Student: 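Input: one structure, supplied below.
Computed from a predicted structure; not experimentally measured.
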Amino acid sequence: MSTENEGAAVPPEAGSRPAPPAPHPDPAPAVPPAPDFKPAVGTAPAAPQAPIGPPGEPAAGSGLPEPAAPTPAPAGPPPATPPAPGADPARPGAWWSEADGRPQDASHGDAHEGTPGAPGGPWGAGAPLPPSDPPARKRSGGLVAALLAAVLVAGGIGGGIGYWAADREAGGDSTTISALGNPKSESRAPGSVSDIAGKALPSVVTIEAEGSNGEGGTGTGFVYDKQGHILTNNHVVASAADNGKLTATFSNGKRYTAEVVGRAQGYDVAVIKLKNASDAKLTPLPLGDSDKVSVGDATVAIGAPFGLSGTVTTGIVSAKNRPVASSDGGGGNASYMSALQTDASINPGNSGGPLLNADGGVIGINSAIQSAGNGGGLGGETQQSGSIGLGFAIPINQAKNVAQQLIRTGEPVYPVIEATVNMKDTGNGATIAGNGAGGTPAVVPGGPADKAGLKSGDVIVKLNDTVIDSGPTLISEIWTHKPGDKVTITYKRDGKQSTTQVTLGQRKGDS
């Protein structure tokens with residue numbers, strides 16, 4: 001079994017390719033040493049040596065104005081505000097959800113991601129808290145508990161203010177306080193986050209995938225064209241690809257069944273199409289140019305973290321060309337990307353959602369996060385973990401090329417150099433292995449690498465101007481190109497550094 005262009009060579013396990021040492025969306029940004037990068041799914045164990053590419057193929061290439069001052073109150077202190085019914089004066093200030101998020105696998109699914117807790121309410125410290133549940137009452141689930149707490153806090157504060165105003169009026173000294181409107185904020189100026197979100201949300205869908213065995217998860221996707229194609233992550237829909245069920249729900253609540261048009265496991269990109277959606281208002285999101293993105297650019301992420309559909313978060317582009325490897329968490333093949341890194345808060349459930357720029361254009365597809373623990377990723381499996389400000393998105397330029405191929409033929413095409421590299425060593429480059437899968441040559445005779453003069457033992461340290469520090473990095477970088485592209489490879493052999501030009505070959509499909 002040979003692998004082609006799959007960055008980190010996945011160990012040739014039975015019918016699957018192990019992921020590199022780094023977990024998916026979620027450890028060190030560098031793929032190889034990133035044992036925490038988890039695609040919304042989970043990372044497969046790294047193999048000491050693995051062919052570049054999926055198993056069964058030769059590795060290839062691998063501010064609001066101040067409120068009006070209140071009318072001075074008559075001499076003497078105003079009557080104390082009675083606490084809201086059931087309020088606990090011993091716990092003023094803020095509330096915190098006691099629900100614990102269920103662990104999730106770093107696989108690209110995005111359901112059952114745990115319930116996010118919320119810090120103190122917007123009114124600040126000192127606001128009366130909602131009454132705690134009587135001992136006999138059974139608490140509901142995490143999300144319900146959190147939402148209930150929020151509602152009660154708002155109700156308690158509203159009740160207190162209402163009582164005070166009524167009391168003052170009854171005494172003949174009515175005091176009212178009005179918050180002045182801010183024309184600028186109310187206008188939702190073009191380019192503001194609210195403006196961007198308002199335009200994009202109607203085109204973002206929450207995807208629910210269910211396999212024939214009843215297992216599945218929740219993720220996100222967005223309208224790609226007027227024909228009803230939705231762009232998302234492969235790991236979001238993989239469980240429903242074979243005789244499963246797929247549904248897409250829009251922000252207006254309309255729900256449609258969908259089918260998989262094509263998916264590319266290696267790129268972690270998939271295209272699905274809505275069924276019986278003649279009444280759907282399809283407005284494709286405009287696509288930006290991920291090649292022109294700069295570190296520091298503003299970003300807006302939209303998705304369904306932990307099942308909370310239509311969630312909008314903001315941040316910046318923290319880094320570019322970040323090599324990331326991730327697996328589906330089920331022992332399947334790994335995915336590789338030269339990702340856009342962002343600190344916008346994304347969590348399990350955000351997978352497949354758009355990462356937008358300040359113009360509202362899609363610059364990436366949110367796919368993975370780095371977790372502080374063993375879990376993480378945007379998937380909806382087991383071992384979940386929340387955002388720590390390290391999110392990764394597939395550059396839209398690459399995703400668009402893959403989507404077009406999937407819509408045309410239903411299968412992906414990968415650029416390859418047809419050489420198997422060592423996936424375990426990191427930091428010094430990508431070393432071409434001694435042998436390929438099943439004892440085959442590491443450098444396929446007559447393949448691109450062979451024609452360029454590369455041999456077993458050569459250490460590839462650069463591809464064009466990009467420094468290569470590992471096998472996964474090499475693969476993720478090769479996959480930013482297309483078959484037929486010519487690239488310059490710098491390598492070391494017996495202590496001597498040389499360069500050679502390689503014309504990338506191609507491999508169709510994931511197996």
Side-chain angles (χ1 to χ4, degrees), residues 25 39-40 108 196-197 199-201 203-205 207 219-227 229-237 261-264 266-272 282-303 312-324 326 335-344 346 350-369 378 391-408 412-415 476-482 485:
H108 310 291
I196 294 173
K199 292 177 180 178
L201 280 168
S203 298
V204 178
V205 299
I207 299 173
T220 307
F222 59 92
V223 178
Y224 181 70
D225 59 27
K226 290 184 176 294
Q227 286 66 53
H229 291 111
I230 304 295
L231 192 54
T232 185
N233 282 150
N234 169 67
H235 74 258
V236 170
V237 304
V261 171
R263 58 197 187 93
Y267 293 119
D268 193 22
V269 172
V271 175
I272 64 175
L282 302 173
T283 303
L285 287 184
L287 305 184
D289 187 343
S290 53
D291 290 339
K292 293 182 179 180
V293 170
S294 294
V295 173
D297 284 353
T299 60
V300 175
I302 302 179
V312 178
T313 56
T314 65
I316 62 170
V317 173
S318 303
K320 296 176 59 177
N321 305 316
R322 186 71 78 190
V324 175
S326 63
S335 298
Y336 302 91
M337 69 183 92
S338 183
L340 290 178
Q341 181 181 325
T342 181
D343 65 347
I346 57 176
N350 275 106
S351 281
L355 182 67
L356 311 166
N357 59 20
D359 294 323
V362 181
I363 55 174
I365 301 178
N366 298 318
S367 180
I369 61 174
L378 305 182
F392 305 94
I394 302 166
I396 195 60
N397 288 6
Q398 178 182 25
K400 178 174 64 176
N401 291 333
V402 176
Q404 292 174 341
Q405 183 68 39
L406 293 176
I407 291 174
R408 286 197 302 267
V413 173
Y414 299 91
S476 62
E477 188 59 30
I478 288 175
W479 284 1
T480 63
H481 296 276
K482 297 179 181 179
D485 285 354

Student: Using 0.5 Å steps for rounding, measure from the OG atom of S367 to the CD1 atom of I346.
Tutor: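 Rounded to the nearest 0.5 Å, the OG-CD1 separation comes out at 8.5 Å.
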Student: Any donor-acceptor pair under 3.5 Å linking the side chain of N401 with the backbone of Q398?
Tutor: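 Not a single qualifying donor-acceptor pair exists.
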Student: Supply the atom-to-atom distance D485 CG to T480 OG1, rounded to the nearest 0.5 angstrom.
Tutor: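 Interatomic distance, D485 CG to T480 OG1, rounded to 0.5 Å: 8.5 Å.
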Student: Do the side-chain N and O atoms of D291 and N397 include a donor-acceptor pair separated by under 3.5 angstrom?
Tutor: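 Checked: D291/N397 side chains pair up, N/O donor to acceptor below 3.5 Å.
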Student: Decide side chain to side chain contact (heavy atoms under 4.5 Å, CB included) for Y224 and L287; before the verdict, give the C-alpha distance in whole Å, the side-chain angles of both, and the deciding distance to 0.1 Å.
Tutor: CA-CA 9 Å; Y224 181 70; L287 305 184; 4.0 Å; yes
Student: On a heavy-atom basis, which atom in S335 and which in D268 lie closest, and how many Å separate them?
Tutor: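 The answer is OG-CB, 3.7 Å.
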Student: So, does T232 use its side chain to make a donor-acceptor pair with the main chain of T220 at under 3.5 Å?
Tutor: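 Such a contact is found between T232 side chain and T220 backbone.
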Student: Which residues pass the side chain to side chain contact (heavy atoms under 4.5 Å, CB included) test with P284, not counting sequence neighbours?
Tutor: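 P284: side chain to side chain contact (heavy atoms under 4.5 Å, CB included) contacts with V223, K226.
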Student: Check V204 against P354 and note the closest heavy-atom contact, atom names and distance.
Tutor: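 Shortest heavy-atom contact: CG2-CG, 4.0 Å.
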Student: Of all the heavy-atom pairs spanning A339 and P395, show the shortest one and how long it is.
Tutor: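 It is CA-CD, 4.3 Å.
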Student: Is there a side-chain contact between I407 and Q404, using heavy atoms and a 4.5 Å cut-off?
Tutor: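 A side-chain contact under 4.5 Å is absent here.
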Student: Using modelled atom types only, decide if a donor and an acceptor are shared between the side chain of N357 and the backbone of G360 within a distance under 3.5 Å.
Tutor: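 Flag set: sc N357 to bb G360 pair under 3.5 Å.
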Student: Is any side-chain heavy atom of F222 closer than 4.5 Å to a side-chain heavy atom of I302?
Tutor: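 Counting from C-beta outward, F222 and I302 never come under 4.5 Å.
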Student: Does a side-chain heavy-atom distance below 4.5 Å link N234 with V269?
Tutor: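 Not in contact.
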Student: Starting at CG of N321, measure out to CD of E477 and round the result to the nearest 0.5 Å.
Tutor: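 If I round to the nearest 0.5 Å, the distance is 6.0 Å.
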Student: Taking the side chain as every heavy atom from C-beta outward, state whether N366 and S351 have any pair of such atoms under 4.5 Å apart.
Tutor: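 When only atoms from C-beta onward are counted, S351 and N366 do not touch, as no gap falls below 4.5 Å.
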Student: Are R263 and V271 side-chain neighbours, meaning at least one heavy-atom pair lies under 4.5 Å?
Tutor: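 No, too far: nothing below the 4.5 Å cut-off.
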Student: Quick one: does any side-chain atom of T313 pair with a main-chain N or O of A344 as donor and acceptor, under 3.5 Å?
Tutor: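 No: the side chain of T313 does not pair with the backbone of A344.
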Student: Is L340 close to R322 at the side-chain level, that is, under 4.5 Å between some pair of heavy atoms?
Tutor: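 The answer is no; the side chains never approach within 4.5 Å.
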Student: Can you measure from CD1 (I396) to OG (S290) and round to the nearest 0.5 angstrom?
Tutor: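 Reported to 0.5 Å precision, the distance equals 7.0 Å.
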Student: Just verifying a value: how many Å separate Q341 CD and L355 CG, rounded to the nearest 0.5 Å?
Tutor: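 Reported to 0.5 Å precision, the distance equals 11.5 Å.
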Student: Below 4.5 Å, heavy atoms only, C-beta onward: do D297 and I316 meet side chain to side chain?
Tutor: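 No. Closest side-chain heavy atoms not under 4.5 Å.
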Student: Only counting residues at least two apart or in another chain, list the ones meeting side chain to side chain donor-acceptor pair (under 3.5 Å) with T299.
Tutor: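 With sequence neighbours excluded, T299 shows a side chain to side chain donor-acceptor pair (under 3.5 Å) to T342, given in chain and number order.
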Student: Specify the closest pair of heavy atoms between A399 and I365, including all atoms of both residues, with the distance to one decimal.
Tutor: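 That would be CB-CD1, 3.6 Å.
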Student: Side chains of L201 and V312: does their closest heavy-atom pair fall under 4.5 Å?
Tutor: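 With C-beta onward as the side chain, the pair touches.
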Student: The criterion is ring-ring contact (aromatic ring centres under 6.0 Å, His included); which residues satisfy it with Y267, sequence neighbours excluded?
Tutor: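 Only Y414, W479 meet the ring-ring contact (aromatic ring centres under 6.0 Å, His included) criterion with Y267.
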Student: Are I272 and H229 close enough, and set up right, to give a side chain to side chain contact (heavy atoms under 4.5 Å, CB included), and what steps lead you there?
Tutor: CA-CA 6 Å; I272 64 175; H229 291 111; over 6 Å; no
Student: What's the separation between atom CG in N233 and atom CD1 in I207, rounded to the nearest 0.5 Å?
Tutor: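 Answer rounded to 0.5 Å: 9.0 Å.
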